[in-house]
Every structure is written in C-alpha cells, then in structure tokens.
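All of these numbers come straight from a predicted model, not from anything done at the bench.
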Amino acid sequence: MKRISTFIMVLACTFASAQTIDDVLRYSTENIQGTARFQAMGGAFGALGGDLSALNVNPAGSAVFNFSEMAFTGSNYHRNNDALYGNTLSNTTANSLDFNQVGGVFVFNSSTDSPWKKIALAFNYDMVQNFDNEFIASGTTSAGIDNYFLNFAQGEPLGPLRTQEGEFIEDAYLDIGANLGYSAQQAFLGFQAGIIEPVEDDDQNTSYFSNAQYSNVNQRYLQNTSGYNSKFTLNFASQYKEDLYLGASVNFHNVLYDRTTYLDEEGYDAESAIQYTSFDNLLHTEGYGFSFSLGAIAKVNQSIRVGGSYQSPTWYTLTDDTSQRINSNLAVSDIDFINFGIVNLYDEYRIKTPEKFTGSVALVFGQDGLISLDYSYQDMSKAELRPTSDPSFAAENDFIAGTLGAVNSYRLGGEYRIDQVSLRAGYRFEESPYADSDFVGDLNGFSAGIGYNFGASRLDLAYSRTEQDVNSYFFDGGIDSAALISRINTNISLGYTLKF
C-alpha cells in the first residue's frame, strides 16, 4: 500500500528545471501541412490568399475569398530515418494518419457604396507539427553510458546516494530529485545500478569511478516520439476598394509531446564487472500558447500581387514530467521499482518563440494559372526560456543567443489550370536555425498535386517531401553521444472544399 501512496504523493513534487535549447527549437519551428492545395504549392500563398491554410502566412488572405467555404484535409505521414552511428547505418520507417486541417470562412459583401467591399470571418485548425516519429541507432562507441553517470556524480556526496534503513528505493529516487536536483538523481541511478562506485566508502566522498571496462562498447538506441503542436486561428479580414486586402488573426496553440528512449549497452571486456546495461527515459510535455498576426495584400495590376505579414512571437506555457528506469548485472535487487510509473514533475515554464516577417509576390495569369514566391525571416537567437530570472534559464538563453541564428525561408509555388483540372507544384527551402549547420542542416522540400473543381466543391490531392540532416543527441546532457539522422518526410494529403 505504501508504494501506491508514494506515487500519488509524488504528483505534488517539483524539482529544478532542465529545459534546454532542444525544447525551444521543438516549439519554435512550424512545419504546417495545411490544405492539400497549400501543400502542393509549397505553402507559397502570402500574396495569394483564398486558401484557409494561407491564413498562417498572411491573415489578409481570407478577404480574397469570393464565396463562403468549408475545407477538410487528411494526411498520411511517412517518416524515413537513416541513422549513422559509429560506422553503422540503421534505417527506420514510421507511418501515421490524421486529420491535419479543418476550417471555414464566411464572406459578407457590402450592400452599400462603401469603399470596404466585403469582410471575411474565418476559423481554421492546422497541425503545426506532427511529432509521430521513430529512429534506431545501433553501433560501436568508445563513450559508454558510464560516462553519463560519472559526469553527474563527480562532486556529489555519497551519503544521499544510499538508501536509508527502511526506505524504499523509489522514495529515495524521488526525494533526491525533489530536494537535491537532477544531477544528484542521475548519480543515484548510476550508483544503485552498480555502474559507478565511490573512490572512498565514506558518506563525504565526492569522487567516483566506473565499474565498466572496455575500449569500445556496442549500443542500441531507440527513440520514439508522438504528439502534435496545433494552431486554432480566428481571423478577420476586409477588402478595401478593388486592390487592397487587410487582415488580422489571433492564434491559440496546443502542445502534446511524448518522447521515449531506450538504450541497451553490451560488449564490455571479459574482466569487466559490468556486462550489460539498459537505461530508458520518458518525457511528457503538454501546454498551450498564444500568438497573433497582421497582414496585407495589394493588387499592383491585373497580374501582379504583393503581400506582407507579421507573425508575433508565440508565448507558450508548458509543463514537463519525466520517468526513468535502469538495470545492469550489478544493480541492487529492487532496482525495478524505479520505473515509468514513478513520475518527476517539473515546475511550469514558458517559451517565447521569435517573431517572423514575410514578404510575398505573385503573378496571376487570368484563369490559366499563377506563380507565387514567399520569403520569411526569423531570428532564432531571440528565442527565450522564461522566467529569465531563473539562473538556469538565463544561462541557457545566453547559449541560445550565441548558438542559434537567423533563418531565411523561401517558398515557390505554381498552378496551371486546364478546364476543371488544376496542376500544382512547389519548392521550399529553409535555412538551419543553428549558426553552425553541422548540428541541423538546411531543409529542402518538393511538392506536387492535382485538383478537380466540381463547381460548388473541389477535391485536391497533394504529395510533399522534405529532406534534412540532423545530429540527434541521445541525452540532453552528461554525454555527447549522437547519431547523424538523414530525415525524409513524405506526406500524401487529400482535401475536400465545399462552397456555400
């Protein structure tokens, strides 16, 4: 009974935050899938409008609609990851299916001689990020997991790393995390698992050595992520005379993110006291955010349109909880009571993402087709963890400011119409958010699609593909093990639009 009540008690405990640059980037990057037409044209809609997902680029776009509409889109997400770790290449694929967009716009034409020709009220739900993914990295390394625990243990007194008489091991684990912090808690895991040992058997000891002997070890690492970052938009726009469209939106964001990692290590020397180790981690994040955007579209003449928009920072409020489990051939007998059912809760924290500016131009060839180009600028070095008064956040924000840089993004799209059929294609390029692109490479994307207009409705199909190389680190600190992941994400989307 005591072990059940301990779990309930833990739900009220908190300990020092461990949020990093990875959390900031995860929620600062938008990869809006949107409607099938939006995807097929690479998202290049800043000067076009007339599409519900275009409101994410320029909120003036809803005033371009001539009729009220509803739109629904579903997508199949296919992830292909080639992970290079050591000299071994491992391939992993993952698939998921979801409704990624639903929305509507209501157009009200002016019945007077007012220069304001019409107003549009719109709402739209878009998936900003789909986090469903998985990769496996397997290979040989000279840096075993013992280095992780030694990194956190050095300087930590031995006394608190022991369980007291009559104390359950899971109680000790949670108590250390709540009162002494993350480093001491990781040292406790390494010590109780028998991976590290004190230099002196004294409660005041602060130096440790590894029980693992090896020149190289074999590691197999699996990371599985799931969840989403979604955006619900409320939009107002209006057309002034014949050539100007103005709009504004407020956006409500919702975040759910789960990441589970599994590490198995073996291949130690024959005389090593440690012969196998497993170490698993679970992170659960949820929260909400708010942002707004402003924009305008102008017709220069019958063929040329230009647009400009401002997207405010997004202010997120998030909470994390983590769970861990560990084992080895030297672990204490009750080590399994530290498992994913024993939960550490973090204090609520906030992230402010950088603002974004977008300029757009489009060439419209009557009813035959169009070409559109968008350029966006976002200075990722301005991202922040908050409250900035927190010393750990202040240090991490300094690191963010010195590590991240400006992101220039380009989107090019075109559409060619043959009677009721529309043929579409797009290209997307987004620079790495890192000043040094060895961490995360540039993103390249290609897309194509087709649509058929039934008059009062339209059916659209899109294929989009993005490619990006990423150095994915196994842990947020303590050890620099990383796999080079070549990511290829492919979406196939089907959308239906109804005019009324």
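- Residue pairs meeting the salt bridge (Lys or Arg N to Asp or Glu O under 4.0 Å) criterion with at least one member in residues 125-143, sequence neighbours excluded, do not occur.
- Checked by atom type and distance alone, the side chain of Asp442 never pairs as donor or acceptor with a backbone atom of Glu431 at under 3.5 Å.
- Residue-environment remark: CD (Glu266) stays at or below the threshold of 12 foreign heavy atoms within 6.0 Å.
- Ile274 approaches Gly194 most closely through the heavy-atom pair CD1-O, 3.5 Å.
- Two residues are said to be in side-chain contact when any heavy atoms from C-beta on lie closer than 4.5 Å; Gln192 and Thr163 meet this criterion.
- A donor-acceptor pair under 3.5 Å is formed between the side chain of Asn179 and the backbone N or O of Asp175.
- Not counting sequence neighbours, the partners of Tyr310 by the ring pair (Phe, Tyr, Trp, His ring centres under 6.0 Å) test are Phe357.
- Under a 3.5 Å cut-off, the side chain of Tyr208 and the backbone N or O of Leu158 do form a donor-acceptor pair.
- Inter-residue side-chain proximity for Leu404 and Ile21 is flagged as met; some heavy-atom pair is nearer than 4.5 Å.
- By the neighbour-count criterion of 12 heavy atoms within 6.0 Å, atom CD of Glu271 is densely surrounded, having more than that number from other residues, nucleotides or ligands.
- Remark: the backbone N or O of Gly144 is paired with a side-chain donor or acceptor of Tyr214 at under 3.5 angstrom.
- Using a distance-only test at 3.5 Å, with no hydrogens or angles considered, no donor-acceptor pair links the side chain of Asp320 to the main chain of Tyr346.
- In this structure, the side chains of Trp315 and Arg386 come closer than 4.5 Å at one or more pairs of heavy atoms.
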Next item on the list: Test side-chain contact (heavy atoms from CB on, under 4.5 Å) on Tyr173 and Gln185 and set out the steps.
Entry: CA-CA 6 Å; Tyr173 166 78; Gln185 190 180 55; 3.4 Å; yes

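- Between Pro59 and Leu294, the shortest heavy-atom distance links the atoms CG-C, 3.5 Å.
- Note: Lys382 NZ to Ser28 OG = 13.5 Å, rounded to the nearest 0.5 Å.
- Here the closest non-hydrogen pair linking Glu355 and Gln378 is O-CG, 3.3 Å.
- A salt bridge does not link Glu265 to Arg220: none of the charged side-chain nitrogens sits closer than 4.0 Å to a carboxylate oxygen.
- Of the possible donor and acceptor atoms, none in the side chain of Ser381 sits under 3.5 Å from a partner among the backbone N and O of Gly405.
- Legend: residues meeting side chain to side chain contact (heavy atoms under 4.5 Å, CB included) with Tyr27, ordered by chain and number and at least two apart, are Phe131, Asn229, Val255, Tyr257, Thr285, Tyr316, Leu318, Ile351.
- Taking both residues in full, the closest heavy atoms of Gln33 and Asn100 are given as CB-ND2, 3.6 Å, listed atom of the first, atom of the second, then distance.
- At least one donor-acceptor pair under 3.5 Å links the side chain of Gln468 to the backbone N or O of Gly441.
- Contact annotation: the side chain of Phe232 never approaches that of Asn124 to less than 4.5 Å [non-hydrogen atoms, C-beta and beyond].
- A salt bridge does not link Arg259 with Asp22: none of the charged nitrogens is closer than 4.0 Å to a carboxylate oxygen.
- Asp398 CG: more than 12 foreign heavy atoms inside a 6.0 Å radius.
- Of the options Gln223, Arg325, Gln324, a side chain to side chain donor-acceptor pair (under 3.5 Å) to Asn281 is made by Gln324 and by none of the others.
- By the 30° and 60° cut-offs, the orientation of the rings of Phe292 relative to Phe290 is tilted.
- Ile169 and Val332 make their closest contact through CD1-CG2, 3.7 Å (heavy atoms, listed as atom of the first residue, atom of the second, distance).
- Listed by chain and residue number, Phe279 satisfy the ring pair (Phe, Tyr, Trp, His ring centres under 6.0 Å) test with Phe149 (two or more places apart in sequence, or in another chain).
- Taking 4.5 Å as the limit, every side-chain heavy atom of Ile196 sits out of range of all side-chain heavy atoms of Phe209.
- Asp269 contributes atom CG, which lies 5.5 Å from atom OG of Ser215 (distance to the nearest 0.5 angstrom).
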Notebook entry, point to check: Should Val199 and Asn205 be marked as a side-chain contact (heavy atoms from CB on, under 4.5 Å) after you check the CA-CA gap, both sets of side-chain angles, and the distance that decides it?
Noted result: CA-CA 7 Å; Val199 172; Asn205 172 83; 3.9 Å; yes

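- Look at Glu430 and Arg428 and you find a salt bridge, because one of the NZ, NE, NH1 or NH2 atoms lies within 4.0 Å of a carboxylate O, short of that distance.
- Taking CG of Asn444 as the start and OH of Tyr410 as the end, the distance is 12.5 Å to the nearest 0.5 Å.
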Checklist line | Criterion side-chain contact (heavy atoms from CB on, under 4.5 Å) on Ser183 and Glu156, from CA distance to verdict | finding: CA-CA 8 Å; Ser183 292; Glu156 294 289 343; 3.8 Å; yes

Next item on the list: For side-chain hydrogen bond (donor to acceptor under 3.5 Å, both in side chains), just list the numbers for Asn491 and Ser493, CA-CA rounded to whole Å, side-chain angles, deciding distance to a tenth of an Å, and then say yes or no.
Entry: CA-CA 6 Å; Asn491 298 344; Ser493 301; 5.5 Å; no

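- Panel note: side chain Ser312, backbone Ser293; no donor-acceptor pair is recorded below 3.5 Å.
- In plain terms, the two heavy atoms of Gly43 and Val57 that are nearest each other are O-CG2, 3.9 Å.
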Notebook entry, point to check: Should Asp82 and Arg487 be marked as a salt bridge (charged side-chain N to carboxylate O under 4.0 Å, His left out) after you check the CA-CA gap, both sets of side-chain angles, and the distance that decides it?
Noted result: CA-CA 7 Å; Asp82 286 328; Arg487 294 177 177 171; over 6 Å; no

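- Every residue meeting the side chain to side chain contact (heavy atoms under 4.5 Å, CB included) condition with Thr490, not counting sequence neighbours, appears here in chain and number order: His78, Tyr463, Arg465, Ile488.
- Using cut-offs of 30° and 60° for the angle between ring planes, the Phe135 and Tyr221 rings count as tilted.
- Put simply, the side chain of Leu189 reaches to within 4.5 Å of the side chain of Ile338, judged on heavy atoms.
- Asn81 pairs with exactly one of Asn489, Asn133, Thr93 by the side chain to side chain donor-acceptor pair (under 3.5 Å) rule, that one being Asn133.
- Looking only at side-chain heavy atoms (C-beta outward), Gln39 and Ser447 stay at 4.5 Å or farther from each other.
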Note to self: Would Ile492 and Tyr77 count as a side-chain contact (heavy atoms from CB on, under 4.5 Å) here? Give the steps.
What the structure shows: CA-CA 7 Å; Ile492 297 177; Tyr77 302 94; over 6 Å; no

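- Within the 4.5 Å cutoff, side-chain heavy atoms of Thr233 are placed close to those of Asn56.
- The ring-ring contact (aromatic ring centres under 6.0 Å, His included) contacts involving residues 81-100 comprise Tyr85-Phe474, where partners must be two or more places apart or lie in separate chains.
- In this structure, the side chain of Ser272 does not engage the main chain of Tyr268 through any donor-acceptor pair within 3.5 Å.
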Next item on the list: Evaluate the criterion side-chain hydrogen bond (donor to acceptor under 3.5 Å, both in side chains) for residue pair Asn58 and Ser309; output intermediate values, then yes/no.
Entry: CA-CA 5 Å; Asn58 191 332; Ser309 63; 4.8 Å; no

